[in-house]
2 protein chains.
Amino acid sequence: MNVTVNGRTRHYRTITFDSHTNQVMLIEQRLLPHTFKVIGTKDFRATAQAITDMVVRGAGAIGATAAYGLAQGALAFPGQEMKKFRKHIQGVYETLKEARPTAVDPVNAMNQVLRHMEQGENVGEQQALALAAAEEFANEDARHCEAIGKHGSKLIKNGSRVLTHCNAGWLAFVDIGTATAPMYAAQQEGRKFHVFCDETRPRCQGATLTAWELAQQKVSHQVIADNAAGFLFWRGEIDLAIVGSDRVLGRTGEVTNKIGTYTKAVLAKRHGVPFYVASPLSTIDWNLKSGRDIPIEERSESEVLGAWGIDATGKRQYVRVANQSSGARNPGFDVTPPDLITGIITPMGIFKPKDLWKNRHKLGGA
Amino acid sequence: MNVTVNGRTRHYRTITFDSHTNQVMLIEQRLLPHTFKVIGTKDFRATAQAITDMVVRGAGAIGATAAYGLAQGALAFPGQEMKKFRKHIQGVYETLKEARPTAVDPVNAMNQVLRHMEQGENVGEQQALALAAAEEFANEDARHCEAIGKHGSKLIKNGSRVLTHCNAGWLAFVDIGTATAPMYAAQQEGRKFHVFCDETRPRCQGATLTAWELAQQKVSHQVIADNAAGFLFWRGEIDLAIVGSDRVLGRTGEVTNKIGTYTKAVLAKRHGVPFYVASPLSTIDWNLKSGRDIPIEERSESEVLGAWGIDATGKRQYVRVANQSSGARNPGFDVTPPDLITGIITPMGIFKPKDLWKNRHKLGGA
């Protein structure tokens, strides 16, 4: 999407590849929203480290980063011996896989690259195929987000007031994003609307990343405390909610997403406001049989007990907000049941959550 | 309630009066939870300033502060001339009233003191009556909170997990508090339970004041992001919610309280968890006919766009969290309808919200 730096606006993807220098180019997301910077990783180890250190985050984005990282590792191989090359590739694969051990996207992305590489008969061919496959993975991610935007944009009318939670924006993918895709498409189609961004404590991805994205795209928006959405629903000031997803259960229509999503869905239901979940196909889990089986990560207490921001001198720092001797609970995600979800916006169209399973062949399921 | 300073535990009230030095003694609440300090205001002007500067906040607390401030002003009068004394008292009254122009509690408290003073026949008698009336106002506030605790404590069983929002604790009153009163009473009665404190963005009174209070009283508790309560309800980890109130409509049973209260009430209803509002009599408004008529204050954007805390060196400071070019909406309160409220815990007992009106005589209404 567009980013304006020093008055100059140009299009960026979250991840690209510089084949001249054999570097994966990443937006340094830890500096956002206060500083915009693109960094290059000098080798696959640095790429893996960037995933570990959360320079790049988000399902689609880390998938593409791992795909490019595998190509980067392949291209750095100096010789022509296939046996040594294969062993080298195995090491690259393991390093990138270990960068975020619980995530499934890097593994899926790299497996796709490996399948393409196998069609090459020598090192040179396999190197070229690796890069082409990584590019194709990234392009497909962007195309899928674009398709989500095409299907979802009709939900946003002129004057619509849209609630979103956390960041399911282009920064979490290669481009365009999922929850944001309908917004960007509606804007391109010339409609005016307003977005309320839940700040999304404790990590505040709404106040930082989503607000930054929308500001860069010149989409009208305001940040709200997570507490404020209920009041806005009550006052009739929200027409539509669109959120992203960390996992959609294809069998039940349940959705895991950032903590707080469930609360907003309950409020939307009470007020008769449509509640949509945007989801790429890779996020649909066709195996799990119940949302109760989804492991919910309990994250560090320090996230809840304080906040990161920039001080008066512009220095980024953490302040402790809560009482010093108090602890915290910090579940990272919650589960929203299908009866609270109006529709799942996928690249293949909008489906009622209960209809995912019968459309599983169309949606890439088993 | 008890506060432990340098290993020594003693009982404090939020506001007391030092008749030797003619000072109102206040806990400097702006320094909490990181520093506990009691300050004395040297004259009624300094007392008014302390109200304005939010050294002291909370309905009961600022009422008692104004009552003591009026007595302080009366006691500082040097002569015996009643005419001059009356004029002086009028000036003291106006100064304290202007300290927080929208608040009704200081005015009600001072009117109560004035009524008592009028029974004195000379300056000396009126001075003595002023102080006695201020003491009685403070004692009554504490007695009412104690009665709320007595009625509410039976709701908290051994093992109960209680949710609370914002701070309706003893710091907002003279002692004991309202939402916290049942907790402190249940603890005194020997029961063990656990409290989840919503951090209560944007000002985080839950993470700072309520967590500090509970830690000082050694009540088991954890801070949670406002987003997390929905997940805890879903997991069956909350048995009961108790919150305070900024205004209870005696005619309809609607409750205005800190932003986010309504959301928790909606969640409690969905999960069949009892939701109680603790309220002193002074908070019941017998005039307003609809919650839609309650003016909701829109507060400063900066509260939502950043956070106050202490940095690594222990210095208190504000950090900007949100994207720099983004704005915010910041409604300070919301309105919870009576169908979501199990009961209103008052000093006179627990009432269903719809039953307040028929019990208005018992509850101090018209």
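Convention: sequence-line order gives letters A, B, ...; per-chain numbering from 1. All values derive from a computational prediction rather than experimental measurement.
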Please look at [X] and chain A and tell me whether the side chain, the backbone, both or neither of the residue comes under 4.5 angstrom of a heavy atom of that chain.
{"X": "Phe196(B)", "answer": "side chain"}
{"X": "Leu305(B)", "answer": "side chain"}
{"X": "Thr208(B)", "answer": "both"}

Closest heavy-atom pair and its distance - Pro33(A), Ala322(B):
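Nearest pair, atom of Pro33(A) first, then Ala322(B): CG-C, 4.0 Å.
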Minimum heavy-atom separation for Gly291(B) and Trp234(A), please, with both atom names.
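For Gly291(B) versus Trp234(A), the nearest heavy atoms are O-CH2, 4.1 Å.
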Do [X] and [Y] have side chains that get closer than 4.5 Å, going by heavy atoms?
{"X": "Gln222(A)", "Y": "Ser326(B)", "answer": "no"}
{"X": "Val319(B)", "Y": "Arg316(A)", "answer": "no"}
{"X": "Leu267(B)", "Y": "Tyr262(A)", "answer": "yes"}
{"X": "Arg270(A)", "Y": "Arg270(B)", "answer": "no"}
{"X": "Asn227(A)", "Y": "Lys264(B)", "answer": "yes"}
{"X": "Asp311(A)", "Y": "Asp311(B)", "answer": "no"}

I need the residue from [options] with the largest number of non-hydrogen atom pairs under 4.5 Å to chain B.
{"options": "Cys204(A), Ala228(A), Gly206(A), Pro202(A)", "result": "Ala228(A)"}
{"options": "Val335(A), Thr200(A), Asp334(A)", "result": "Val335(A)"}
{"options": "Ala328(A), Gly230(A), Ala229(A)", "result": "Ala328(A)"}
{"options": "Glu303(A), Lys315(A), Glu237(A)", "result": "Glu237(A)"}
{"options": "Arg292(A), His34(A), Arg235(A), Glu301(A)", "result": "Arg292(A)"}

Is it the side chain or the backbone of [X] that comes within 4.5 Å of chain B heavy atoms, both, or neither?
{"X": "Leu32(A)", "answer": "neither"}
{"X": "Ile296(A)", "answer": "side chain"}
{"X": "Trp212(A)", "answer": "both"}
{"X": "Gln216(A)", "answer": "neither"}
{"X": "Tyr318(A)", "answer": "backbone"}
{"X": "Leu214(A)", "answer": "neither"}
{"X": "Lys258(A)", "answer": "neither"}

Nearest 0.5 Å, what's the [atom1]-[atom2] distance between [X] and [Y]?
{"X": "Arg201(A)", "Y": "Glu199(B)", "atom1": "CZ", "atom2": "CD", "answer": "4.0 Å"}
{"X": "Asn330(B)", "Y": "Ile224(A)", "atom1": "CG", "atom2": "CD1", "answer": "10.5 Å"}
{"X": "Arg329(B)", "Y": "Cys197(A)", "atom1": "CZ", "atom2": "SG", "answer": "13.5 Å"}
{"X": "Asp226(B)", "Y": "Ile259(A)", "atom1": "CG", "atom2": "CD1", "answer": "11.5 Å"}
{"X": "Gln317(A)", "Y": "Gln317(B)", "atom1": "CD", "atom2": "CD", "answer": "4.5 Å"}

Among Asn323(A), Val321(A), Val304(A), which residue satisfies the side-chain contact (heavy atoms from CB on, under 4.5 Å) criterion with Val223(B)?
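For Val223(B), the side-chain contact (heavy atoms from CB on, under 4.5 Å) test succeeds with only one of Asn323(A), Val321(A), Val304(A), which is Val304(A).
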Top residue by heavy-atom pair count (under 4.5 Å) with chain A, among Ala215(B), Pro331(B), Ser325(B)?
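It is Pro331(B).
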